[in-house]
Structures are given as structure tokens and as C-alpha cells.
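Order of the sequence lines sets the chain letters (A, B, ...), proteins ahead of strands, with each chain counted from 1.
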2 protein chains.
Amino acid sequence: MAITIYDVAREANVSMATVSRVVNGNQNVKPTTRKKVLDCIERLGYRPNAVARGLASKKTTTIGVIVPDISKNFYSELSRGIADVATMYEYNIILSNSDERTAREVELIEDHLGKQVDGLIFMSDSISDEVRAEMATANVPIVLAGTLDVEEQLATVNIDFEEAAYVAVSKLIENGHQRIVFVSGPFTKDINRISKRNGYVRALEDVGLVVDESLIVEVENTYDNAYEEWQQIRELAGKPTAIFAGSDIIAVGLLNGIRDEGLSVPENYELICFEHSILARVVRPQLTSIVVPLYDLGAVSMRLLTKLMNGEEVEQQQVILPFRLEERNSVK
Amino acid sequence: MAITIYDVAREANVSMATVSRVVNGNQNVKPTTRKKVLDCIERLGYRPNAVARGLASKKTTTIGVIVPDISKNFYSELSRGIADVATMYEYNIILSNSDERTAREVELIEDHLGKQVDGLIFMSDSISDEVRAEMATANVPIVLAGTLDVEEQLATVNIDFEEAAYVAVSKLIENGHQRIVFVSGPFTKDINRISKRNGYVRALEDVGLVVDESLIVEVENTYDNAYEEWQQIRELAGKPTAIFAGSDIIAVGLLNGIRDEGLSVPENYELICFEHSILARVVRPQLTSIVVPLYDLGAVSMRLLTKLMNGEEVEQQQVILPFRLEERNSVK
DNA sequence: CTGAAAGCGCTAACAC
DNA sequence: GTGTTAGCGCTTTCAG
């Protein structure tokens with residue numbers, strides 16, 4: 001049996017209320033008794049039971065984080081940002097992987113709410129109606145991190161993905177390209193189907209170029225798939241001369257596909273991608289890419305959540321962070 | 001105010017004990033009353049309070065995971081293995097980053113124990129005395145994942161890192177090399193200072209080669225640092241002809257250092273490394289490397305922890321998983 | 001098969 | 001400043 005607040009109280013000849021005050025840093029305790037209690041706590045090795053505290057106070061100082069797959073760089077970097085700010089505000093994190101399966105997402109939200117988290121940070125490819133309904137039953141604030149809410153009802157933290165795509169594609173257009181392939185990750189992701197795609201289309205239309213749907217190619221977001229798909233992409237009619245890739249990993253797959261047939265980047269194809277993880281820097285040529293501030297996306301999401309949990313007035317629930325284009329050697 | 005078990009009981013005209021039985025799948029409930037209760041639960045949208053349950057039952061179905069840095073591939077992959085098995089056994093995970101700082105590690109263990117986790121999985125570069133002392137106060141099982149315990153007292157899951165290094169270096173020796181540089185990550189990590197180093201030394205000594213300490217180089221485990229360090233390494237006396245790198249990321253840094261001065265792998269230097277993450281596959285030449293089964297390390301750790309939490313008899317507390325050498329193109 | 005009742009360890013009024 | 005006393009929402013004997 002572990003030491004309880006009651007044991008400490010008896011040992012120190014005070015009431016449990018006083019021990020509670022000392023443990024919680026309440027100032028209404030005489031210094032001498034505070035010291036006496038602290039000594040007993042030390043001596044007995046008392047460790048406050050957060051579960052009991054949670055039940056009594058109705059706050060667990062724990063938040064839930066639901067992520068598609070923590071082993072993917074995108075989410076692990078973002079999570080680190082969340083974690084650091086959570087630590088700063090003394091919250092713990094319950095972390096779960098959803099694999100972007102709606103049923104699992106609903107289950108996890110339910111599960112986390114059952115654990116009485118004080119708030120929730122959610123990431124996914126898109127927000128299904130079921131998830132939206134489940135979120136509506138929550139009595140704690142929820143923030144979407146790096147995740148679009150097409151209905152713009154929920155609190156979110158993102159970059160302007162459409163604008164980023166626009167900037168990337170415009171760069172290629174400036175360099176004289178007219179036939180630019182957009183190799184996108186799955187269109188099940190709103191960010192791909194809507195944001196990046198719209199940015200691509202808008203960039204072309206703004207300079208009077210015709211959008212050729214055959215130049216929009218959807219691939220899995222994996223190295224191997226992108227590598228293989230290159231065989232199809234190179235055969236596209238009208239000889240594309242530049243590529244806008246939806247992620248580092250896709251870009252690297254294409255890059256190696258291109259090089260393995262004896263062609264090169266940027267001589268034969270110029271290439272710009274999204275994310276700028278370490279992958280973009282280790283390959284040669286290094287990849288010109290949109291830098292997504294993953295860590296900051298997480299950090300700001302958590303900061304927003306703390307405000308919401310404190311009931312603070314938040315002017316803008318949809319936060320947009322800046323991005324930039326990192327110019328390396330995959331474009332001339 | 002949220003719906004409680006008491007509300008459901010009143011609505012269903014049964015006692016809260018019966019509702020509890022239904023919720024917990026206890027068989028001693030008549031099917032008709034079970035259905036009646038289930039209906040009320042559904043209708044009221046009752047969601048069991050895991051905190052109250054935890055206090056009453058003294059089990060939280062939550063485990064703690066303390067990791068140096070979740071944004072590093074090594075740990076995020078390992079964590080995914082832990083998470084999947086945790087899900088299988090219906091445990092949640094509280095995840096915290098320690099940055100390998102002892103004081104922080106101690107604080108986190110204390111914190112997690114306060115949250116009443118049912119078990120703990122711990123990862124670090126080495127187990128300091130303070131951490132060992134803190135762990136000794138725990139009344140729940142602890143497993144070290146991918147982390148050495150030089151005193152062999154704690155439950156651990158690893159591969160035989162020394163043997164893996166031995167195999168890697170022996171491969172280079174077989175290929176005719178006599179002057180092999182070992183570019184290691186920080187020696188603050190037991191795995192580097194002890195295991196990999198010993199494997200390197202033993203491989204050389206087994207074939208009668210002299211160990212030249214100047215060929216053992218310690219670098220930070222980052223791409224940039226390895227890239228820069230290449231400038232020193234290339235100047236080493238006696239012209240080394242092969243490299244054994246402690247990780248993918250170090251190997252990639254060296255590889256680019258080598259190539260940027262117009263030399264090539266494997267022609268001028270043969271190279272073998274550890275880990276085999278995606279990095280080893282995207283660079284050219286692809287890297288021959290020891291494959292560390294990160295996901296499995298995590299999965300098996302969690303499985304071991306479940307046994308320990310159930311009080312099952314565990315024959316061997318130190319589990320060693322197999323590894324293999326993946327042969328690619330950085331050696332001839 | 002079901003109900004009553006005693007806690008689990010702590011917080012939070014409310015007294016004094 | 002400090003103590004008393006209700007709960008927080010649930011599990012778990014123990015009766016019946």
C-alpha cells in the first residue's frame with residue numbers, strides 16, 4: 001500500500017487539508033508547519049496520487065493527442081512541438097495512432113474523453129461526419145493541428161497550404177515551364193485534394209496556362225510508390241519539364257526514378273516539393289521545397305489549446321502560420 | 001454535469017452495481033436487464049469515467065513511455081511498435097520526452113508514477129544512478145527498450161549491438177580492409193561506448209589486426225556534424241579505406257562529404273552503417289547496413305511489460321531480438 | 001442475479 | 001492558519 005496524504009498528515013500532526021495545501025503551493029500555511037510537512041513528505045516518500053486528484057478536482061492536467069502515425073516524420077516532429085509546450089504548462093500527453101481510419105478515430109476520441117483529458121489535439125487527413133459528431137459530444141476544447149476543417153467550425157492551426165503550392169508552382173512557371181506535373185499524395189487528404197491542388201491550378205490559370213488534368217497524378221505517399229510511378233509519369237503526353245511534388249518522400253522517389261534512367265535534376269526536370277525534412281537535404285541535388293514549420297504547428301496548437309482550456313477569449317480560432325520556399329538545387 | 005453511472009441506474013431502475021456489471025462485461029446479469037441498461041447507456045450517452053474507475057480499481061490501463069526525443073526516427077518507430085501492442089491489450093500511453101537529461105528523466109518517472117501508470121517503458125542513452133534509484137521506488141514493472149542496462153538488473157529488450165557491430169566490421173575485413181574507421185555517435189551512449197565499440201575491437205582482434213585508437217572517431221549524431229567531420233576523418237594517418245558508421249544519419253553525412261570532394265563510395269571507401277531507416281535507401285549508393293528492428297523492439301517491450309503487469313512468470317527478463325545485415329551498394 | 005454500502009485518495013467549501 | 005466534512009464516480013465485497 002502506497003503512502004497517502006493521510007499518512008503524511010498523521011506523521012506531521014496536521015490535517016490532510018494542510019498537507020494538501022502544502023502540496024499545492026497554497027500560501028495560507030505557516031512556514032514552520034510547511035517545513036514540517038515537507039519533511040514528512042520527504043521522509044515517507046509520499047507521491048501525490050494524480051488519479052484521486054483528478055477525480056476530486058475534475059481536472060487531469062492531461063491532454064489527448066490523436067495522430068495518424070507517430071512513426072511518420074510529419075507527425076513526430078509536430079508532436080514534439082506539442083509536447084514541449086505541454087511540458088511548459090505542466091500537461092501530460094496521451095498519444096494514440098489512428099492510421100486515419102474513421103472508425104478508429106471515433107473510438108479514440110471516445111476513449112480519450114473517457115480518460116477525462118482536459119483537451120484534445122487531433123490530426124487527420126480529413127474530418128469525417130462521424131468524427132465531427134463525436135467531437136460535438138466533447139465537453140473539452142479540441143484543436144486540429146496541420147489538419148484542414150473544410151467547414152471552418154473547429155479551432156485549427158495550419159499554414160496556407162494552397163498559397164504555398166501557388167508559390168512553388170509559380171516559381172516553376174517563372175523558370176519558363178509550361179507543362180508542370182503535380183504528383184500529389186492521396187486525394188483522400190483534404191490538404192492534397194483541395195489546398196495544394198487549388199494552389200497548383202490557380203498558379204497556372206493566373207498566367208493563362210491551361211490546366212491539363214492528365215498532369216495531376218495521385219500516388220501513395222511512399223518512396224517506393226513514387227519511384228515506381230515515375231515510369232508512368234515520364235510517358236505523359238506533351239513532355240512535362242517540371243514537377244511539383246506533394247512531399248519530400250514523393251520527390252525523392254521521383255528523383256531516384258529520374259536518375260536511374262540516366263537523366264538528371266534540374267537539367268532534364270526541375271523539381272519542387274513540400275515539407276523540407278532531412279530527406280530534402282541529404283539527397284543530391286538537394287531539393288528546393290516549401291518549408292512546413294512542423295514543430296511550430298504543434299507548439300502553437302498546444303498553446304492555443306491551453307488558452308481554450310483556461311476559458312480565455314481567443315480572437316481567432318483559425319491560426320495560419322507563415323511558410324517559406326527554401327531554394328536549393330533541384331531548380332535552376 | 002456529465003452523465004454518471006448513477007443517472008443510468010436510476011433511468012434503468014437498477015442499482016449502480018448492475019450498471020457497473022454491464023459496463024464491465026460481467027456475465028452475472030440477466031440478458032433482459034442487460035439490454036435495458038445498455039439502452040439507457042445509449043440513450044443518455046453515458047461514458048464511463050476512467051479516472052473514477054482508476055481510483056476505485058487501482059488500475060489505470062495506462063502505461064508511461066519515456067523517450068529521449070520522439071521526433072527522432074529511432075524512437076518514433078520504436079514507439080509505434082509499443083503503441084500497437086498497447087492498443088491490442090487496451091492500454092493507453094502517456095508519452096514524454098526526456099532529451100536524455102538525467103534530471104528530467106527522474107522528474108518524468110516521478111511524474112508518471114504519480115499518474116498511477118500500470119507500467120513504464122523507458123529509453124535513454126544510459127541508466128544513471130539517479131534514474132536507477134528512482135526506478136527502485138516504483139511499485140510497477142519497468143522495461144527498457146533499445147536501452148542498455150550495464151548492471152543487467154532491469155528488464156530489457158535489445159538486439160545484440162556488439163555482435164551486430166562485429167558482423168558489420170567483419171564484412172569490411174573480409175573485403176580486404178585493414179584500416180577501418182569507426183565513426184561513432186556520442187560515447188555518452190552506452191550502446192556506442194560499450195557495445196558497438198567492443199564489437200569493432202573484437203572483429204579486428206579476431207583476425208589479428210591492431211586496434212588504432214585514432215581510427216575511433218566520436219561525432220554528434222547529426223547529418224551536419226558528420227558532414228563536417230569528414231574533413232578531419234579524411235586526414236587520418238595511414239589512409240583508412242573503409243568506414244563503419246554508428247548510424248544512418250552519420251553515414252549519410254560522411255557519404256555526402258566524400259562525394260562533395262569528388263570521391264566515391266564504394267570505390268574509394270566502403271561504408272557500412274547501423275539502423276537502416278529510409279535514409280539508407282534514398283541515397284545513392286544505397287547503404288549496406290545493420291537492420292535494427294525498431295518496431296519489433298517496441299512491440300516486444302510492450303508485450304513483455306504486459307506479462308510483468310499481469311504478474312506472469314517471465315523466464316528471461318533480458319530479451320535479445322535478431323538483427324541482419326542488409327547488403328546494398330556501399331560495399332563492393 | 002441483484003442491491004446496499006464501504007471505500008479509493010484527494011480537493012474544496014466551510015467553519016473556527 | 002488550520003481542521004472538518006462532503007463528495008468526485010466508480011469497483012468491490014457482502015448479503016440475500
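- One atom, CD of B:Gln116, and another, P of D:dT11, lie 17 Å apart when rounded to the nearest Å.
- Judged by closest nucleotide on DNA chain C, B:Pro31 is the one of A:Ile5 and B:Pro31 placed further toward the 5' end.
- Within the 4.0 Å cut-off from OP1 or OP2 of C:dT2, not a single side-chain nitrogen or oxygen of B:Thr18 is found.
- Taking atom CG of A:Asn49 as the reference point, atom P of C:dG7 lies 18 Å away to the nearest angstrom.
- A search for side chain to side chain donor-acceptor pair (under 3.5 Å) contacts involving B:Ser96 returns B:His112, not counting sequence neighbours.
- Side-chain atoms of B:Asn24 do not come within 3.5 Å of backbone N or O of B:Asn26 as any donor-acceptor pair.
- One interatomic measurement links the two molecules: NZ of A:Lys36 to P of D:dG1, which rounds to 15 Å at whole-angstrom precision.
- If you take OH of B:Tyr6 and P of C:dG3, they are 12 Å apart, rounded to a whole angstrom.
- Regarding contacts with the backbone of C:dG3, a side-chain N or O of B:Ser15 is found under 4.0 angstrom from either OP1 or OP2.
- With a 4.5 Å cut-off on side-chain heavy atoms, B:Leu321 and B:Ile159 count as touching.
- One interatomic measurement links the two molecules: CE of B:Met16 to C1' of D:dT11, which rounds to 8 Å at whole-angstrom precision.
- Residue B:Val51 is out of contact with every strand shown, counting any heavy-atom pair closer than 4.0 Å.
- Among residue pairs with one or both ends in residues 298-310 of chain A, none qualify as salt bridge (charged side-chain N to carboxylate O under 4.0 Å, His left out); sequence neighbours excluded.
- The distance between atom NZ of A:Lys58 and atom P of D:dC10, rounded to the nearest whole Å, is 10 Å.
- Along DNA chain D, the nucleotide nearest to B:Leu55 and the one nearest to A:Asn13 differ in position, and the one closer to the 5' end is contacted by A:Asn13.
- If you measure from atom NZ of A:Lys115 to atom P of D:dC10, you get 14 Å, rounded to the nearest angstrom.
- For A:Pro48, the side chain to side chain contact (heavy atoms under 4.5 Å, CB included) partners at least two apart in sequence or on another chain are A:Val23, A:Tyr46, A:Arg53.
- In this structure, the side chain to side chain donor-acceptor pair (under 3.5 Å) partners of A:Lys115, at least two apart in sequence or on a different chain, are B:Thr61, B:Thr62, B:Asn92.
- Residue B:Ala56 is the one, among A:Ala17 and B:Ala56, whose nearest nucleotide of DNA chain C lies closer to the 5' end (criterion: closest heavy atom).
- Residues from residues 20-29 of chain A with heavy atoms under 4.0 angstrom of DNA chain D, sorted by number: A:Arg21, A:Asn28, A:Val29.
- Residue A:Thr33 places at least one side-chain N or O closer than 4.0 Å to OP1 or OP2 of D:dT2.
- Taking a cutoff of 4.0 Å between a charged side-chain nitrogen and a carboxylate oxygen, B:Asp7 and B:Arg10 qualify as a salt bridge.
- Per the geometry, CZ belonging to B:Arg34 stands 13 Å off C1' belonging to C:dT2, to the nearest Å.
- Legend: side chain to side chain donor-acceptor pair (under 3.5 Å) pairs involving residues 145-157 of chain B, not counting sequence neighbours, sorted by first then second residue: B:Arg132-B:Asp149.
- For the helix from C:dC1-D:dG16 to C:dC16-D:dG1, the terminal axes (five pairs an end, C1' atoms, rotation from four pairs onto the next four) enclose an angle of 30°, given to 10 degrees.
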Using atom types as modelled, flag every donor-acceptor pair under 3.5 Å from a side chain in residues 309-316 of chain B to any protein atom, sequence neighbours excluded.
{"residue": "B:Asn310", "atom": "ND2", "partner": "B:Thr306", "partner atom": "O", "Å": "3.3"}
{"residue": "B:Gln316", "atom": "NE2", "partner": "B:Gln318", "partner atom": "O", "Å": "3.3"}

Could you give the side-chain donor-acceptor pairs of residues 102-110 of chain A under 3.5 Å, partners two or more places apart or in another chain?
{"residue": "A:Arg104", "atom": "NH1", "partner": "A:Glu107", "partner atom": "OE2", "Å": "2.8"}
{"residue": "A:Arg104", "atom": "NH2", "partner": "B:Thr87", "partner atom": "OG1", "Å": "3.4"}
{"residue": "A:Glu105", "atom": "OE2", "partner": "A:Ser124", "partner atom": "OG", "Å": "2.5"}
{"residue": "A:Glu110", "atom": "OE2", "partner": "B:Arg47", "partner atom": "NE", "Å": "3.3"}

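- Of the residues in residues 39-48 of chain A, none has a non-hydrogen atom less than 4.0 angstrom from any atom of DNA chain D.
- Among residues two or more places apart in sequence or in another chain, the side chain to side chain donor-acceptor pair (under 3.5 Å) test is passed with A:Asp84 by A:Arg80, A:Tyr295.
- For B:Glu77, the side chain to side chain donor-acceptor pair (under 3.5 Å) test picks out B:Asn73, with sequence neighbours left out.
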